[in-house]
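Lettering follows sequence order; numbering is per chain, from 1. Below, each value reflects all heavy atoms present in this structure, side chains not excepted, and no hydrogens, waters or symmetry copies. Predicted model only: the values in this text are computed from it and were never measured.
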Amino acid sequence: MKVLVPVKRVIDYNVKIRVKADQTGVETANVKMSMNPFDEISVEEAVRMKEAGTASEVIAVSIGSQQSQETIRTALAMGADRGILVQTDEEVEPLAVAKILKVLVERESPDLVIAGKQAIDDDSNQTGQMLAALLGWSQATFASEIELGDGSAQVTREIDGGLETIKVSLPAIVTVDLRLNEPRYASLPNIMKAKKKPIDTLTPDEVGVDISPRLATLKVVDPPKREAGVKVETVAELVDKLTNEAKVIGT
Amino acid sequence: MTSLVVAEHDNSELKGATLNTVAAAKAISGDVHVLVAGENCDGVAEAASKVDGVAKVLVAQSGEYANAIAENLAPLVVKLAGDYSHVLAPADTFGKNLMPRVAAMLDVQQISDITAVESDDTFERPIYAGNAIATVQSSDAVKVITVRTTGFDAVAAEGGSGAVEAVDAAGDAGLTSYVGSEISKSERPELTAARVVISGGRGMQNGENFAMLEKVADKIGAAVGASRAAVDAGFVPNDYQVGQTGKIVAPELYIAVGISGAIQHLAGMKDSKVIVAINKDEEAPIFQVADYGIVGDLFTLVPELEEELDKVL
């Protein structure tokens, strides 16, 4: 069984982002970039399937600038077998990403696509579901457990009220949530080995997908700032303020 | 122009998030219709017809809609979408699962998690875990939108008198089946709908200690939440989690106990009206967003809080 894993290069989750002064976006120059944390979980899950003998090959795919190669290399160092980069310096919206992935899925014929539930930059949470729609495949979003069966997979999903289990027919798209696994750190020998693994590079034109944006970003601004309040000394004082000043208790 | 709101429900009850979504739809020009797709859900349809501002309720009843399977719901929404300028659902796990599937089938770039409507094609949405706010304008013919419920005050559940109209089901896609669910049972209000939330972090040390928070919660009708650190440490189940990767809440009063205030957590609660922080580390970032902070050992302060509340309630 082949598994395809999309990976996105994003600003590292530990970096405090800065909004550009001209309000056109968020500063990415000279900022530490990493693999989207949810994608690390997908790579880990796919590699574990390979180690368990259920997956035969793991292909890491990224869409983005030339530097997205580094993100693919990270996936290869974690244990993916090969990479595909669809290179563009344009910002690619989730719908266009899903269209590109659809073409790659049709070329590679994986039985399973494991994707992060969302990227931590635009927080869209769309790509996996869109890809499933375009392919007419089943989807299991926000997975915290994946059990592969014969021609199907049983997936436990993290939903608002608790957990839900569904059975999807394969091929399918699974998007992963935080508790699915804990991604490994790549070892130095594996990082060295990853340098020799192949990465194919394509362009959106070669894939035949129009990536023109449908949404225009008119401006990007800082969120309203919340001012620090006061420290109180005793719980009695706290309750008094909540009751009489903020009026959120006992009303 | 008419907007279609996809109702979230469990076949017996209309979920509160639907009321916030209707509020967002009302901020857009034109009428608001609501789609109730389910099985044996007449009660939900009736409830939806009474929601303030709803002109019409479309009801599709069939077995394939019983468990909100996106593969079955999406073709129904797509079939109806031709009559609408906007299709909206709450940006919770129900809407996030469904709407991108609808959008892709319509060849539309969805607008996720809107917090404000600027005009019929322009919306505000948080990006980077709420550390930036983007204003985006859609050029698609139909706008497919998920709504961050904390961005819009719920409309009244009563007062409307929408017409109820049955629509045909669109069939079972035959791709996915429901196996079961473990829904946390609680007498307390839902996290996202509660007027007061009291949350515990890693400082709680273990799951048993959350009983202290529950006692306070029951005195003031609060929901109990947790930081990701507390969830990852196994103190409480994941559905307690408040934060960027958990639930986004904006109650009137948010009490953070033993929570340091990682950006991740702040993203889920910083729009609360009043924030209280109880933490032994006076340098904890949570104090930078708290209206009232108290530095000290939570194991003495929380029981004290319970006693003091007894005096005023």
Those residues of residues 280-287 of chain B that come under 4.5 Å of chain A on a heavy-atom basis, listed by number, are B:Glu282, B:Phe287
query: Do any N or O atoms from the side chain of A:Ser169 and from the backbone of B:Leu175 form a donor-acceptor pair under 3.5 angstrom?
result: yes
Of all heavy-atom pairs linking A:Ala133 and B:Ala104, the shortest is CB-CB, 3.8 Å
When the 4.5 angstrom heavy-atom criterion is applied to A:Gln139 and chain B, the contacting part is both
Item to complete: Starting from the C-alpha separation in whole Å, work towards a yes-or-no answer on side-chain contact (heavy atoms from CB on, under 4.5 Å) for A:Thr217 and B:Thr135.
Response: CA-CA 6 Å; A:Thr217 299; B:Thr135 303; over 6 Å; no
So, the part of A:Tyr13 with a heavy atom under 4.5 Å from chain B: the answer is neither
Look only at the side chain of A:Glu164 and the backbone of B:Gly180, and say whether a donor-acceptor pair between them is shorter than 3.5 Å. no
Turns out that what part of B:Gln241 lies under 4.5 Å from chain A's heavy atoms comes down to side chain
One option among A:Glu93, A:Glu158, A:Lys241, A:Arg179 has the most heavy-atom pairs under 4.5 Å with chain B, and it is A:Arg179
The interface call for B:Asp107 against chain A, heavy-atom contacts under 4.5 Å, is both
*asked:* I'd like to know if A:Arg226 pairs up with B:Asp291 as an ion pair, taking the criterion as any Lys NZ or Arg NE/NH1/NH2 lying under 4.0 Å from an Asp or Glu carboxylate oxygen.
replied: yes
Could you tell me whether the side chains of A:Gln126 and B:Ser112 share a donor-acceptor contact shorter than 3.5 Å?
yes
One option among B:Ile133, B:Ile127, B:Leu301 has the most heavy-atom pairs under 4.5 Å with chain A, and it is B:Ile133
Per-residue tally against chain A (heavy atom, under 4.5 Å) across B:Asp140, B:Leu313, B:Val312 peaks at B:Asp140
Whether the side chain of A:Lys167 engages the backbone of B:Thr176 through a donor-acceptor N/O pair (distance < 3.5 Å, no angle test) should be reported. no
Ranked by heavy-atom pairs below 4.5 Å to chain B, first place among A:Ser144, A:Ser152, A:Ala96, A:Gly136 goes to A:Gly136
Counting heavy-atom pairs under 4.5 Å with chain A, the top scorer among B:Ser181, B:Ala91, B:Ala74, B:Gly296 is B:Ser181
If one checks every heavy atom of A:Glu237 against chain B at 4.5 Å, the contacting part turns out to be neither
Checked B:Val295, B:Val276, B:Asp113 vs chain A; the most non-hydrogen pairs under 4.5 Å come from B:Val276
message = With a 4.0 Å cut-off on N to O distance, would you call B:Lys311 and A:Asp240 a salt bridge?
response = no
The interface call for A:Lys117 against chain B, heavy-atom contacts under 4.5 Å, is side chain
**OP:** Would you indicate whether the side-chain heavy atoms of A:Leu178 and B:Arg228 approach each other to under 4.5 Å?
**Re:** yes
query = Any sub-3.5 Å donor-acceptor pair from A:Gln129's side-chain atoms to B:Lys96's backbone N or O?
reply = yes
Okay, A:Leu238 and chain B: the region with an atom under 4.5 Å from a heavy atom over there is side chain
Between the CZ atom in A:Arg214 and the CD atom in B:Gln137, the distance rounded to the nearest 0.5 Å is 14.5 Å
So does A:Glu91 have more than 12 non-hydrogen atoms from other groups sitting under 6.0 Å from CD? no
Got a donor-acceptor contact below 3.5 angstrom from the B:Arg101 side chain to the A:Leu134 backbone?
-> no
**Study point:** CA sep, side-chain torsions, deciding dist, call: A:Leu218, B:Val136, side-chain contact (heavy atoms from CB on, under 4.5 Å)
**Key:** CA-CA 6 Å; A:Leu218 304 184; B:Val136 296; over 6 Å; no
Nearest heavy-atom contact between A:Pro223 and B:Lys270 is CB-NZ, 4.3 Å
When the 4.5 angstrom heavy-atom criterion is applied to A:Val26 and chain B, the contacting part is side chain
The interface call for B:Gln110 against chain A, heavy-atom contacts under 4.5 Å, is both
Checklist entry - Under 3.5 Å, side chain of B:Asp239 to main-chain N/O of A:Asp160, donor-acceptor pair present? => result no
Salt bridge present between A:Asp123 and B:Arg148 (N-O < 4.0 angstrom):
no
Ranking B:Gln244, B:Glu124, B:Glu307, B:Glu190 by heavy-atom pairs under 4.5 Å to chain A gives rank one to B:Gln244
For B:Glu182, does the CD atom have more than 12 heavy-atom neighbours from other residues, nucleotides or ligands under 6.0 Å away? no
Trace of the side-chain contact (heavy atoms from CB on, under 4.5 Å) decision for A:Glu245 with B:Tyr292: CA-CA 11 Å; A:Glu245 190 176 273; B:Tyr292 304 107; 2.4 Å; yes
Correct closest heavy-atom pair for B:Ile294 and A:Val232 would be CG1-O, 3.7 Å
Here the gap from B:Asn238 atom CG to A:Leu163 atom CG, rounded to the nearest 0.5 Å, amounts to 7.5 Å
Inset, instruction - Could you tell me whether a side-chain N or O of B:Glu308 sits under 3.5 Å from a main-chain N or O of A:Thr234, the two making a donor and an acceptor? - result: no
Highest number of heavy-atom pairs under 4.5 Å with chain B among A:Lys16, A:Gln23, A:Arg157, A:Lys225 belongs to A:Arg157
Heaviest contributor of heavy-atom pairs below 4.5 Å to chain B, chosen from A:Leu242, A:Ile11, A:Ile17, is A:Ile17
Comparing A:Ala246, A:Gly161, A:Ala98 against chain B, the one with the most heavy-atom pairs below 4.5 Å turns out to be A:Gly161
Quick check: are there more than 12 heavy atoms from other residues, nucleotides or ligands sitting under 6.0 Å from CZ of A:Arg18?
no
Should we count CD of A:Glu182 as having more than 12 external heavy atoms under 6.0 Å? no
ask   = Got a donor-acceptor contact below 3.5 angstrom from the B:Glu252 side chain to the A:Val248 backbone?
value = no
Comparing A:Val168, A:Val221, A:Thr156, A:Thr141 against chain B, the one with the most heavy-atom pairs below 4.5 Å turns out to be A:Val221
So, the part of B:Ile275 with a heavy atom under 4.5 Å from chain A: the answer is both
When the 4.5 angstrom heavy-atom criterion is applied to B:Thr192 and chain A, the contacting part is neither
So A:Pro94 and B:Gln109, do their side chains get closer than 4.5 Å, heavy atoms only? yes
The interface call for B:Ala132 against chain A, heavy-atom contacts under 4.5 Å, is both
Smallest heavy-atom separation, B:Thr93 atom then A:Phe142 atom, equals O-CE1, 3.6 Å
Within 6.0 Å of CD in A:Glu27, more than 12 heavy atoms from elsewhere: yes
With chain A, the option among B:Arg125, B:Gln264, B:Met105, B:Met99 that has the most non-hydrogen atom pairs under 4.5 Å is B:Arg125
On a heavy-atom basis, the closest approach of B:Asn131 and A:Val19 is O-CG2, 4.3 Å
